[in-house]
There are 2 protein chains.
Amino acid sequence: MKLIPVIMAGGVGSRLWPVSRETHPKPFMPLPDGENLIRKTFKRAASLGDVTEVLTVTNRDLFFKTEDEYRLVGRKELAQSFILEPFGRNTAAAVAAAALQVEQAHGAEALMLVLAADHLIQNEAAFTAAVEKAKILAAQGWLVTFGIQSQYPETGYGYIDANPDKPLEGGLKVNRFVEKPDLETAKQYVEAGNYFWNSGMFCFEVGSLLSELRRYAPEVMAEVHATLDQSRVAESGQNRYVTLEADAFGRVPDISIDYALMERSEKVAVIPCDIGWSDIGSWNAMSELTQSNNDGNRFEGEVLAHKATNNYVNSPERLAALVGVQDLLVIDTPDAVLIAHKDHAQDVKHIVSQLKSSGHEAHLLHRTVHRPWGSYTTLEEGERFKIKRIVVKPGASLSLQMHHHRSEHWIVVTGMARVFNDDREFMLNTNESTFISAGHKHRLENPGVIDLVMIEVQSGDYLGEDDIVRFQDIYGRADG
Amino acid sequence: MKLIPVIMAGGVGSRLWPVSRETHPKPFMPLPDGENLIRKTFKRAASLGDVTEVLTVTNRDLFFKTEDEYRLVGRKELAQSFILEPFGRNTAAAVAAAALQVEQAHGAEALMLVLAADHLIQNEAAFTAAVEKAKILAAQGWLVTFGIQSQYPETGYGYIDANPDKPLEGGLKVNRFVEKPDLETAKQYVEAGNYFWNSGMFCFEVGSLLSELRRYAPEVMAEVHATLDQSRVAESGQNRYVTLEADAFGRVPDISIDYALMERSEKVAVIPCDIGWSDIGSWNAMSELTQSNNDGNRFEGEVLAHKATNNYVNSPERLAALVGVQDLLVIDTPDAVLIAHKDHAQDVKHIVSQLKSSGHEAHLLHRTVHRPWGSYTTLEEGERFKIKRIVVKPGASLSLQMHHHRSEHWIVVTGMARVFNDDREFMLNTNESTFISAGHKHRLENPGVIDLVMIEVQSGDYLGEDDIVRFQDIYGRADG
């Protein structure tokens, strides 16, 4: 029985700003153990039995970052395919596209396991056991959900109302899905015992899923078919890359898989499970991953405290000091700091809205920006200068380019660079430097086998990112 | 009648950390109006009538910074003399040393006006009027204090109990000084009407002051005399520079002028005044200088708020966001952020103590360090690199030096540099760069008439500040 894990990396995680941002969203946030959620999710998926391919549905701007994370897990023998979205279009579109791809590659009897890229599961053994149960029901044609045993009356999750009277093999039939309840209702659910948190993970036999989708969400299916017909499909070895065509994808109804299908179908089952699940939905949830000290404070980074209790501070790069404060969340990043009361952790998303509506980049970008060839971090900007730390991956190169208004000075800190400056080509070794005058065509390559780390100092009257003329670009970004 | 303002720049202002630090203390903190307290104090002193010299008592490490501030006020015709302390030794020592210097330069009939470098006075006209009154009483031999009309029962200040029955010319005789009272006592003081806040400013005729000091504080006088006998005195034009000898100065009793003299003498008067005085003793006082918005928030810098009221945020360089918080002080600097409750503003000093006792540099240094030749700011440190922004004043030069383990790469952002690299000497213009290999002797000069601004990128295996061999230094710091 083939099992294809489908990792869905959709959400931005705006309640986890300022660490989570559009170009570096929640799945990529560093966790206290040094890993992140996307890597953990891939590892978890790859470790399941009968898995030969992992399919990821994500935004196309996150493709290279995601591949980098998977590479760190090191499971080259697995096929790692991608469906790349131009923008998020809710979960029904993503699940339908994934199902059609899996059917094409593996046939209608293949099973797919839909996983969120940004959930934490702390009990891997229990998870694996739950998946084994789900596979049995899915093979029988059930649309299988995973229901988390509710420990307390959480009002932030939807619930699954299951029928305990006629148990299925390893699971229960689902009566109905219910929206996030108020506290009173949530308490009744916990007491009743047959209500489970809806984890948003699913297991389907592809054929059954597609036939149910055609029945309950024919419009979604039609537009996803149309999108796939117009989309670019590239294959490289065992991997497939589907880049969804934007115009057609924009016509797919914007609806969740829960609304479109799960709440309508009669063939829905739930596997009750206790797998240490959390959707890390806010800084409160994130804080739980850090040990608290005697004052109830949880600190990541260098923090001093005086008469301060029950605070969470995440400040990996700078010193933070707390005096006489309680129940705060303090999140420090190189370009923004958040101070929120724990009772208002959900409201952090309003700051992101304010940033968006004012056109501020701090909802979008971190100081470190990832590119196909590596990354750059803006270290400092001032009058007439801008300083970047540039990391170029082994074998990678930047586009051949030219700037009208700025000179660039390059200092190699680690590794070796090959530099093209007009008609000269030369190597720059560690601790050496060169400079490119305004108006000169230039290109930078890492010919070595370790990362090239460079400091670039730009100087000049105008230092905007738009002062760039690209002549050649192996990533297809040439514009002149 | 000669009046010599004596500006006393002693305290560190640890309750205003992280902006105020030992090497950049409270008098130098930027205020919302773009000025700082030391510059305001000098300007105020220089604007008084009959002033031909301003004498400043300060730590020797703050000498160049202080001169730089005075230069910005631009009163070259005034003598600007300094007494430079190796360390703080309380106010009796400083006042006594200043009095002996003023006596020597201007005679025993000269008047001296003791001003704190870190107080704010918002009503300059009332201040000038109060000084005029003080001069009259001082000339009659009174030791004159300035008593602030208490607006409310402040428990953070000492009070002056004045005798309203036999008024002096423009002032009152002082009955006694009282320590910081509790709230009940403070309320009684405010009701009584003859209690004033002790502002810590004084006006003395130098002869009267010295004779009272010899009577009530003979030990202080003896040790200060001994210190001056062993101290270096340099003269340049109309300015005198007295560098106090450390060993002798360390033997002066560590006692305040209030304890040593004012509370004992029978000849103490007070000028009641309403001059818009504040000692800016905490972040609460500092926050008052910023206009509040409709939510009672006071913001310096870019701040977003959601359900946040009555907070003060000082974040000139980074975005700050508040969610669901009240009555907080948030102070952001490039290397440290403070979050304190307003009710605990006084406790900020405990953080500074913690930093000190743990050997952390953040109580001492900012990222910008001032030097006789200009300043440098550490922009970034990482593995194998350190980046500084260096500002060299016109005509100034750094010492001839050499590093064993690091190469330095210099990029001129503004101005012109003269570079000596082993036996080569050359000019480096704006947007040009050069590099100095490890082991090469080098020196940097600004031959121009505007500031030279450079980015220095250090690369190498070891980047500690102690990897420096100095060969020549016009500021006397050569060590090899």
Side-chain angles (χ1 to χ4, degrees), chain A residues 17-18 302 304 306-308 311 313 315 318-326 328-330 332 334-341 343-345 347-348 350-351 354-355 358 360 362 379-380 382-385 387 389 406-407 409 411-414 430-433 435 437-438 453 455 457 459-460, chain B residues 17-18 302 304 306-308 311 315 318-326 328-330 332 334-345 347-348 350-351 354-355 358 360 362 379-380 382-385 387 389 406-407 409 411-414 430-433 435 437-438 453 455 457 459-460:
Chain A
W17 184 89
E302 190 179 13
L304 293 177
H306 178 80
K307 295 185 187 161
N311 302 284
V313 178
S315 180
R318 299 194 315 154
L319 176 67
L322 303 182
V323 178
V325 294
Q326 284 79 42
L328 294 185
L329 303 163
V330 176
D332 190 82
D335 61 351
V337 59
L338 166 73
I339 297 103
H341 193 282
D343 294 348
H344 292 265
D347 290 331
V348 172
H350 295 298
I351 296 293
Q354 285 185 42
L355 286 168
S358 69
H360 199 295
L379 299 179
E380 198 79 21
E383 209 184 328
R384 293 187 49 80
F385 74 92
I387 306 175
R389 180 170 179 274
R406 67 179 191 245
S407 297
H409 309 258
I411 297 113
V412 176
V413 169
T414 309
T430 300
N431 288 345
E432 294 182 340
S433 60
F435 92 94
S437 297
V453 182
I455 302 298
V457 180
S459 63
Chain B
W17 184 88
E302 190 180 13
L304 293 177
H306 178 80
K307 296 186 187 163
N311 302 285
S315 180
R318 297 194 314 153
L319 174 69
L322 304 181
V323 178
V325 293
Q326 284 80 41
L328 294 185
L329 302 162
V330 176
D332 189 83
D335 61 350
V337 59
L338 167 72
I339 297 101
H341 193 281
K342 285 181 174 177
D343 293 347
H344 293 266
D347 291 330
V348 173
H350 295 297
I351 296 293
Q354 283 185 43
L355 287 169
S358 69
H360 199 293
L379 300 179
E380 197 81 21
E383 209 185 327
R384 295 185 50 82
F385 74 92
I387 305 175
R389 180 171 180 271
R406 68 181 190 240
S407 297
H409 308 259
I411 297 114
V412 176
V413 170
T414 311
T430 301
N431 289 347
E432 294 183 340
S433 61
F435 91 94
S437 297
V453 182
I455 301 299
V457 181
S459 62

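Within every chain, numbering begins at 1; the chains are lettered A, B, ... in the order of the sequence lines, protein sequences first and strands thereafter.
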Peer 1: What part of B/Val413 is in contact with chain A, defined as an atom under 4.5 angstrom from a non-hydrogen atom: side chain, backbone, both or neither?
Peer 2: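 Answer is both: backbone and side chain atoms of B/Val413 are under 4.5 Å from chain A.
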Peer 1: Measure the NE2-CG distance between B/His306 and A/Asp347 for me, rounded to the nearest 0.5 Å.
Peer 2: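 Here the rounded value is 4.0 Å.
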Peer 1: Considering residues at least two apart in sequence or located in another chain, which fulfil the salt bridge (charged side-chain N to carboxylate O under 4.0 Å, His left out) criterion with B/Asp343?
Peer 2: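 Per chain and number, B/Asp343 pairs via salt bridge (charged side-chain N to carboxylate O under 4.0 Å, His left out) with no residue.
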Peer 1: Can you tell me which portion of A/Ser407 sits under 4.5 Å from chain B's heavy atoms? Options are side chain, backbone, both or neither.
Peer 2: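 The answer is the side chain of A/Ser407.
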Peer 1: I need the minimum non-hydrogen distance between A/Asn431 and B/Phe435, along with the two atoms involved.
Peer 2: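 Heavy atoms of A/Asn431 and B/Phe435 come nearest at O-CE1, 3.8 Å.
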Peer 1: Is B/Pro18 close to chain A through its backbone or its side chain, or both, or neither, when contacts mean heavy atoms under 4.5 Å?
Peer 2: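 It is neither, since no heavy atom gets under 4.5 Å.
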Peer 1: Heavy atoms only, distances under 4.5 angstrom: which of B/Ser459, B/Ala320, B/Pro334 has the most pairs with chain A? Name it, please.
Peer 2: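 Option with the top pair count is B/Ser459.
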Peer 1: Where is the tightest heavy-atom contact between A/Ile351 and B/Ala321, given as atom of each residue plus distance?
Peer 2: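 Of all heavy-atom pairs spanning A/Ile351 and B/Ala321, the closest is CG2-CB, 3.7 Å.
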Peer 1: At a heavy-atom separation under 4.5 Å, does B/Lys307 approach chain A through its side chain, its backbone, both, or neither?
Peer 2: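 Side chain of B/Lys307 only, per the 4.5 Å heavy-atom cut-off to chain A.
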Peer 1: Sort out for me which of B/Arg406, B/His350, B/Arg389 touches chain A most, counting heavy-atom pairs under 4.5 Å.
Peer 2: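 Looking at each of B/Arg406, B/His350, B/Arg389 in turn, B/His350 comes out on top.
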Peer 1: Let me see the working for A/Ile455 and B/Glu380 under side chain to side chain contact (heavy atoms under 4.5 Å, CB included), right down to the final yes or no.
Peer 2: CA-CA 11 Å; A/Ile455 302 298; B/Glu380 197 81 21; over 6 Å; no
Peer 1: Who are the salt bridge (charged side-chain N to carboxylate O under 4.0 Å, His left out) partners of A/Arg318, not counting sequence neighbours?
Peer 2: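 With neighbours one apart ignored, the set is A/Asp332, B/Asp332.
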Peer 1: Determine the option with the most heavy-atom pairs under 4.5 angstrom with chain A, choosing from B/Ser437, B/Ala438, B/Ser433, B/Ser315.
Peer 2: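 The option with the most such pairs is B/Ser433.
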Peer 1: Is B/Val337 close to chain A through its backbone or its side chain, or both, or neither, when contacts mean heavy atoms under 4.5 Å?
Peer 2: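 Both the backbone and the side chain of B/Val337 come within 4.5 Å of chain A.
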Peer 1: What part of B/Glu302 gets within 4.5 angstrom of chain A, counting heavy atoms only: side chain, backbone, both, or neither?
Peer 2: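 B/Glu302 touches chain A through side-chain heavy atoms alone.
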Peer 1: Looking at A/Leu355, A/Leu338, A/Asp335, which hits side chain to side chain contact (heavy atoms under 4.5 Å, CB included) with B/Leu319?
Peer 2: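 Testing each of A/Leu355, A/Leu338, A/Asp335 against B/Leu319, the sole residue satisfying side chain to side chain contact (heavy atoms under 4.5 Å, CB included) is A/Leu355.
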